[in-house]
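Per chain, numbering begins at 1; letters A, B, ... match sequence-line order. No experiment lies behind these values; they were computed from the predicted model shown.
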There are 2 protein chains.
Amino acid sequence: MAVAVPRAAKTQRRTRIQAEREELILGAALEVFAAHGFRGATIDQIAEQAGMSKPNLLYYFPNKEIMHRMLIDRLLETWLEPLRKLDPEGEPLTEIRSYIRRKLEMARDYPRESRLFANEILQGAPRIADELEDLKKLVDEKAKVIGRWIERGKLARVDPYHMIFSIWATTQHYADFDVQVCTVLGPKRSGEGRFEDAARYLDQLFVGGLNPKA
Amino acid sequence: MAVAVPRAAKTQRRTRIQAEREELILGAALEVFAAHGFRGATIDQIAEQAGMSKPNLLYYFPNKEIMHRMLIDRLLETWLEPLRKLDPEGEPLTEIRSYIRRKLEMARDYPRESRLFANEILQGAPRIADELEDLKKLVDEKAKVIGRWIERGKLARVDPYHMIFSIWATTQHYADFDVQVCTVLGPKRSGEGRFEDAARYLDQLFVGGLNPKA
DNA sequence: TGAAAAATTGACCGGTTGGTAAAGATTACA
DNA sequence: TGTAATCTTTACCAACCGGTCAATTTTTCA
């Protein structure tokens, strides 16, 4: 009789338990979505990971899509922060280098978020077409900045878009393809030090490749 | 009564229809697995893509795993060919540049294979642990070659393993993240010319980054 | 403390999925 | 041509999956 949908209660403020449980669930969902993709993840798995029953989980999030959507939204917010921080007034090569460093740190510290995103893009981004348009706007803006740097002779004459792609690709690779990276590096080199090696290498690669001397 | 399992018939050679149908099915399976991942793909989808009924498909491949396994095996065979071709006797920078070009061509011509592999790695490579070990051996071998080139002053002093990772990442990015690449480039630049632009950029990046002058 | 609100659970439901059984249609070939 | 092997289809099943319901337990707070 009584419609008991506290999650959707419009004007009602959230309980302490609500806030805690929602965080717990989102963490579990991130783990499972990142590991199996949207279709491959089951609500039961997420519930078990969160240590609760399926109906209990569904009491907080009415369905799978909403959990996924919330994770994607939250992800994009923090994920694009390094690119937003690219400072048009800064020293070009320094800006690019710290962008690369920050992106690599994110791959190290938030691999699940990276894989969540990769899963979604890989399967054609069916649920985030709008967000990709926003991403395009940000990239357009930053590509212009990079273009101006090039005009001023501060960087080699490269395509700014493909430059950004190559930064994304090389840094996120260490999160998305972690299993492959660790297997290939072998047990001795696949400790956390691999990120320092990667940072050193990428710095060499991009400094060499983007220096305007050529 | 009679066990009718012609696919598994040991010593019997394959029918013409068998060969045709198996190829048809594997093509359909590649399409669906690449788009949805192993778990996300359904036998019904694959059967429909192949234009036949599900039981008919299962007459040729007894289950989903076997189709997937066969695709992965076939994929790795051709996928690693460019790396195998890296010639220890060739001119180092030229060898690397053609390796990059070949990998980029594969991303352009076989994007489904790339996505199939990416899906598998992304989800922890549960079904191809053995194959990854073989991959490691090949990379170990080629890393030594690259190491010798560096010792001889033919390449900048970079980590060969991370160098290979960066080549994989930047080239496969154009297959795996195609949706994102096309959205960001916009309708005008996302034609097939994007691969030529990518080739030009990657050539600049790696030639600059790997030149031994520094 | 007590009662209302919030949180949790077990039982259940309709649809999907991987896979099977068995009978019918087609093809190869002696 | 006849028939045995191969191929295809219809009907089906058990397990799983997303989600609901109603009842129970726990928490909040007047």
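- Per the geometry, CG belonging to A:D44 stands 18 Å off P belonging to C:dT16, to the nearest Å.
- For A:E20 and C:dA6, the CD to P distance is 16 Å, given to the nearest whole Å.
- Residue A:Y60 has a polar side-chain atom (N or O) positioned under 4.0 Å from OP1 or OP2 of C:dT8.
- Legend: residues meeting side chain to side chain donor-acceptor pair (under 3.5 Å) with B:Q49, ordered by chain and number and at least two apart, are absent.
- Among the atoms of the strands shown, only primed sugar atoms or phosphate atoms (P, OP1, OP2) are found under 4.0 Å from some heavy atom of A:T42.
- For D:dT9, one of the phosphate oxygens OP1 or OP2 lies less than 4.0 angstrom from a side-chain nitrogen or oxygen of B:S53.
- Residue A:I43 is classed as a sugar-phosphate contact, given heavy-atom separations below 4.0 Å to backbone atoms only.
- Distance NZ (B:K64) to C1' (C:dT17): 8 Å, rounded to an integer number of Å.
- Below 30°, between 30° and 60°, or above 60°: for A:W168 and A:F165 the angle between ring planes is between 30° and 60°, a tilted geometry.
- Closest approach of B:A175 and B:P111 over heavy atoms only: CB-CA, 3.8 Å.
- B:N56 has a side-chain polar atom (N or O) that falls below the 4.0 Å cut-off from OP1 or OP2 of D:dT9.
- Note: CG (A:L57) to P (C:dG10) measures 15 Å, nearest angstrom.
- With 3.5 Å as the limit, one finds a donor-acceptor pair spanning the side chains of B:D140 and B:Y161.
- Distances shorter than 4.0 Å separate none of the side-chain N or O atoms of A:Y59 from OP1 or OP2 on C:dT9.
- Note that CG of B:L122 is 11.5 Å distant from CD1 of A:I121, once rounded to the nearest 0.5 Å.
- One can place NE2 of B:H36 at 16 Å from P of C:dT16, the figure rounded to the nearest angstrom.
- A:A41 comes within contact range of the sugar-phosphate backbone alone, with a heavy-atom separation under 4.0 Å but no base atom that close.
- A residue-by-residue look at B:P55 and A:M52 shows that A:M52 has its nearest nucleotide of DNA chain C further toward the 5' end.
- Rounded to an integer number of Å, the gap from CZ of B:F61 to P of D:dT8 is 13 Å.
- At C:dA6, none of the side-chain N or O atoms of A:Q18 fall inside 4.0 Å of OP1 or OP2 (strictly under the cut-off).
- A close approach under 4.0 Å does occur between a side-chain nitrogen or oxygen of A:R21 and OP1 or OP2 of C:dT8.
- If you measure from atom CD1 of B:I25 to atom P of C:dG19, you get 14 Å, rounded to the nearest angstrom.
- For A:R39 and D:dC16, the CZ to P distance is 16 Å, given to the nearest whole Å.
- At a cut-off of 3.5 angstrom, the base of D:dG18 holds at least one donor-acceptor pair with the side chain of A:K54.
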